[in-house]
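Have a look at the structure below, then the notes.
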Amino acid sequence: MKVDFIVNQHPEVTRIAVLEDGRLMELIVEMADDKHIVGNIYLGRVNAVLPGMQAAFVDIGLERSAFLHVSDVREKLVDEKSFARALIEGKPPKSVETRRPIEKVLEKGQRILVQVTKEPIGTKGARVSTRISIAGRYVVSMPGDSVAGVSRKITDRAERSRLRKITQQVRTEGFGIIARTAGVSKDEESFRTDVERIVNKWKEIGALTVKSKPPALLHQEHDLITMTVRDLVSPDVNSIVSDSRAVAKQIQKYLKAFDPEVASKVKFYRGKTPIFDQYGVEKEISGLVRREVLLKSGGSIVIDHTEALVAIDVNTKRYVGRKKQEDTILKTNMEAASEVARQLRLRDLGGIIVIDFIDMDNLSHRDKVVNCLRGELGRDRSPTKTCQVSPMGLVEMTRKRVRPSLVQSMSVACAHCSGTGRIQTPVSILTRIERFLERAANGKKHKNLVVTINPLVSKYLMEEDGRRLEYLTARSDKLSVHVHEDERLFQADFKVFSLDSHEEITELYSPDSRA
């Protein structure tokens, strides 16, 4: 498989496209004023302990306090002073998950060392953990742990065995390490150098902890470009192309320290056509906020976001097949399974995901679809868990959510529909206006009114030779009503002005008012 990285640098936004065999599979976006904080390590202060939730809120210097659940609390690591001294000495104590209630472990005002594991999303603050780690090029280092393991993404048994021996040789006492996929085929010396570099960083963090006052940032993750290169670029990458000379040099400098051969694959794009247009990325990005994704066969998948989960519906649409109905359904579901896995990566969808495949009576067909889905998800760097297809064709799965989805990052809720995707019909709007006029007539304070509405509603009002307008304006002999158009109003909105008092009275006679 040919993998290319396309980097588009702009003062307001950095975008990195990951192409697999020329097809966009992942898009990583970071706004200039909204830097990622996952991986950052902070010295925080506990500002609330909630026994009923078995959680605490920690002030780490952000707009909202971070959330710390008891399952993310490690004994001995919460005593930040002794832990900091142990980091400086290079001998952190072994620690495990606490078995005590959170109110027995933490108290309000306590200083604590935490790492961000999930970005703030919507109204929720960041999620943090006391189990801190630092990722290098070849290993992830975890103080207070004793593991010497290998990434699950490395599947070759011989290579896993070789890397496990290397990690056991280079591991420093008190620090657990896990070999990363970038370490495949690398020698022991490369791992040892990476481990020593990270251990020295831990000593710096320990020293900084001792002299800092909370809230304080102790360790900041690499910038988006360096982090992406560190985590995703492997020796078999085809090319890394950037439209910024400075970014190309930055990537080359980083890779020369670890993979000189890969550094030679970094290129500066000199073309006049925008780089994402040149590689066909921009066209695909424009479709990322659409609900419906068309399949090559003629079927489609429809993606809907709710507060609790993401629902994905599979439809045959105009694909009718050639032979048996079962074969038509299987082909559509197989194609949909592959596309669903791609869209999850591309849109960075996380949390609970429910996929409604077309009903399959054949058990072997169900197994084929699930295996196809799991196989495609195996290329996803975010952890996923998938259940079997239910008799109704539903597949429940989870995908680790670390940050807001791409749709959330690239769009805002529609001011017309408040994010529902639907607005009131003209008849519903007119019904609201009629109720308003009835309340105004009962109020007896304002008799001469001007109702301002959107032109589309006005057009509906004038249909049937103006009988709707006549009915509206003749609702009460106590009122004189005139209708005015204003294209600046949303379709679902209206405003009412009183010619008696020369003021707007829309809120005065709203359903919530007591006028």
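Note that the structure is predicted; figures quoted are calculated from it, not measured. Side-chain atoms are counted along with the backbone in the values below, which use heavy atoms only and exclude waters and symmetry mates.
Interatomic distance, CG of Asn238 versus CG of Leu19, reported as 10.0 Å (0.5 Å rounding). We find the CG-NZ distance between Leu218 and Lys201 to be 9.5 Å, quoted to the nearest 0.5 Å. Expressed to the nearest 0.5 Å, how far CD1 of Ile41 lies from CD1 of Ile132 amounts to 4.5 Å. Here the straight-line distance linking atom CD of Gln278 with atom CG of Asn8 works out to 13.0 Å at 0.5 Å rounding. Between Arg366 atom CZ and Leu330 atom CG the span is 12.5 Å, to the nearest 0.5 Å. Atoms OG1 and CG, on Thr425 and Leu456 in that order, are 12.5 Å from each other to the nearest 0.5 Å.
Asp231 meets the salt bridge (Lys or Arg N to Asp or Glu O under 4.0 Å) test with Arg180; sequence neighbours excluded. For the salt bridge (Lys or Arg N to Asp or Glu O under 4.0 Å) test, no residue two or more places apart in sequence or in another chain qualifies with Arg347. The side-chain hydrogen bond (donor to acceptor under 3.5 Å, both in side chains) search around Ser71 returns His69, not counting sequence neighbours. Taking the side chain to side chain contact (heavy atoms under 4.5 Å, CB included) definition, one finds that Gln250 meets it with Asp223, Ile225, Thr226, sequence neighbours left out. Arg230 is linked by a side-chain hydrogen bond (donor to acceptor under 3.5 Å, both in side chains) to Glu221, counting only residues two or more places apart in sequence or in another chain. Partners of Lys118 according to the salt bridge (Lys or Arg N to Asp or Glu O under 4.0 Å) rule, which considers only residues two or more places apart in sequence or in another chain, do not exist here. For Arg245, the side-chain hydrogen bond (donor to acceptor under 3.5 Å, both in side chains) test picks out no residue, with sequence neighbours left out. Ser405 is linked by a side-chain hydrogen bond (donor to acceptor under 3.5 Å, both in side chains) to Gln408, counting only residues two or more places apart in sequence or in another chain.
Annotation: ring-ring contact (aromatic ring centres under 6.0 Å, His included) contacts involving residues 337-381, sequence neighbours excluded, are absent. Residue pairs that meet the side-chain hydrogen bond (donor to acceptor under 3.5 Å, both in side chains) test with at least one member in residues 142-152, sequence neighbours left out, are Arg131-Asp145. Among residue pairs with one or both ends in residues 137-168, those qualifying as ring-ring contact (aromatic ring centres under 6.0 Å, His included) are Tyr138-Phe191, Tyr138-Phe258; sequence neighbours excluded.
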Q.
salt bridge (Lys or Arg N to Asp or Glu O under 4.0 Å) for Arg379 and Glu20? Distances and angles first, verdict last.
A. CA-CA 11 Å; Arg379 296 152 64 183; Glu20 295 181 1; 2.4 Å; yes

Q: Please step through side-chain contact (heavy atoms from CB on, under 4.5 Å) for the pair Thr117 and Val128, ending with a clear verdict.
A: CA-CA 5 Å; Thr117 59; Val128 295; 5.8 Å; no

Q | salt bridge (Lys or Arg N to Asp or Glu O under 4.0 Å) between Arg468 and Glu463, intermediate numbers included | A | CA-CA 7 Å; Arg468 291 195 182 106; Glu463 290 177 358; 3.2 Å; yes

Q: Start with the C-alpha distance between Asp4 and Val241, add both sets of side-chain angles, then the distance that settles side-chain contact (heavy atoms from CB on, under 4.5 Å), and finish with yes or no.
A: CA-CA 8 Å; Asp4 298 278; Val241 187; 5.9 Å; no

Q. Would Val237 and Val262 satisfy side-chain contact (heavy atoms from CB on, under 4.5 Å), going step by step from the backbone distance to the final call?
A. CA-CA 7 Å; Val237 67; Val262 180; 3.7 Å; yes

Q: Evaluate the side-chain hydrogen bond (donor to acceptor under 3.5 Å, both in side chains) criterion for residues Asp59 and Ser65: first the C-alpha distance (whole Å), next the side-chain angles of each, then the deciding distance (0.1 Å), finally the verdict.
A: CA-CA 5 Å; Asp59 178 14; Ser65 295; 5.4 Å; no

Q: Go through the steps for Arg137 and Tyr254 under the test side-chain contact (heavy atoms from CB on, under 4.5 Å), then give the verdict.
A: CA-CA 10 Å; Arg137 174 62 174 165; Tyr254 178 83; 4.0 Å; yes

(Q) salt bridge (Lys or Arg N to Asp or Glu O under 4.0 Å), that's the test. Do Glu26 and Arg381 meet it? Break it down for me. (A) CA-CA 10 Å; Glu26 197 166 342; Arg381 60 191 175 114; 2.6 Å; yes

Q) Stepwise, does the salt bridge (Lys or Arg N to Asp or Glu O under 4.0 Å) test hold for Asp21 with Arg23? A) CA-CA 6 Å; Asp21 292 330; Arg23 194 180 187 202; over 6 Å; no

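In this model, a donor atom of one side chain and an acceptor atom of the other lie less than 3.5 Å apart for Glu292 and Ser300. Side-chain contact of Thr431 with Ser428: a donor-acceptor pair under 3.5 Å is absent, judged by distance alone. Between the side chains of Gln9 and Arg15, no donor N or O sits under 3.5 Å from an acceptor N or O.
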Side chains of residues 392-401: which donor-acceptor pairs under 3.5 Å do they make with residues two or more places apart or in other chains?
from: Arg399; atom 1: NE; to: Asp380; atom 2: OD2; distance (Å): 2.6
from: Arg399; atom 1: NH1; to: Asp348; atom 2: OD1; distance (Å): 3.0
from: Arg399; atom 1: NH1; to: Leu349; atom 2: O; distance (Å): 2.9
from: Arg399; atom 1: NH2; to: Asp380; atom 2: OD1; distance (Å): 3.1
from: Arg399; atom 1: NH2; to: Asp380; atom 2: OD2; distance (Å): 3.3

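When all heavy atoms are compared, the tightest approach of Val310 to Gly350 is CG2-O, 4.4 Å. Summarising the geometry of Met31 relative to Val29, their closest heavy-atom pair is CE-CG1, 4.2 Å, with the distance given to 0.1 Å. Taking every heavy atom of both residues into account, Ile154 and Arg160 meet most closely at O-NH1, 2.8 Å.
Remark: side-chain polar atoms of Ser264 are paired, donor with acceptor, to backbone N or O of Glu261 under 3.5 angstrom. Checked by atom type and distance alone, the side chain of Arg164 never pairs as donor or acceptor with a backbone atom of Ala148 at under 3.5 Å. Side-chain N or O atoms of Gln54 include none that pairs as donor or acceptor with a backbone N or O of Pro101 at under 3.5 Å. For Arg171 (side chain) and Phe175 (main-chain N/O), a donor-acceptor pair under 3.5 Å exists by modelled atom type. A donor-acceptor pair under 3.5 Å links the side-chain atoms of Thr167 to the main chain of Leu163, judged by distance alone. The main-chain N or O of His36 is found under 3.5 Å from a side-chain atom of Glu30 such that the two form a donor-acceptor pair. At least one donor-acceptor pair under 3.5 Å links the side chain of Gln115 to the backbone N or O of Gly39. Judged purely by atom type and a 3.5 angstrom limit, Ser190 has no side-chain atom pairing as donor or acceptor with the backbone of Lys186. Not a single donor-acceptor pair under 3.5 Å links the side chain of Asp243 to the backbone N or O of Tyr269. Under the 3.5 Å distance criterion, the side-chain polar atoms of Glu376 are left unmatched by any main-chain donor or acceptor of Arg342.
Enclosure of atom CG in Leu294 by more than 12 non-hydrogen atoms of other residues, nucleotides or ligands within 6.0 angstrom is indicated. Other residues, nucleotides and ligands contribute more than 12 heavy atoms inside 6.0 Å of the NZ atom of Lys153.
Thr130 pairs in a side-chain contact (heavy atoms from CB on, under 4.5 Å) with only one of the listed residues (Asp72, Leu68, Leu113), which is Leu68.
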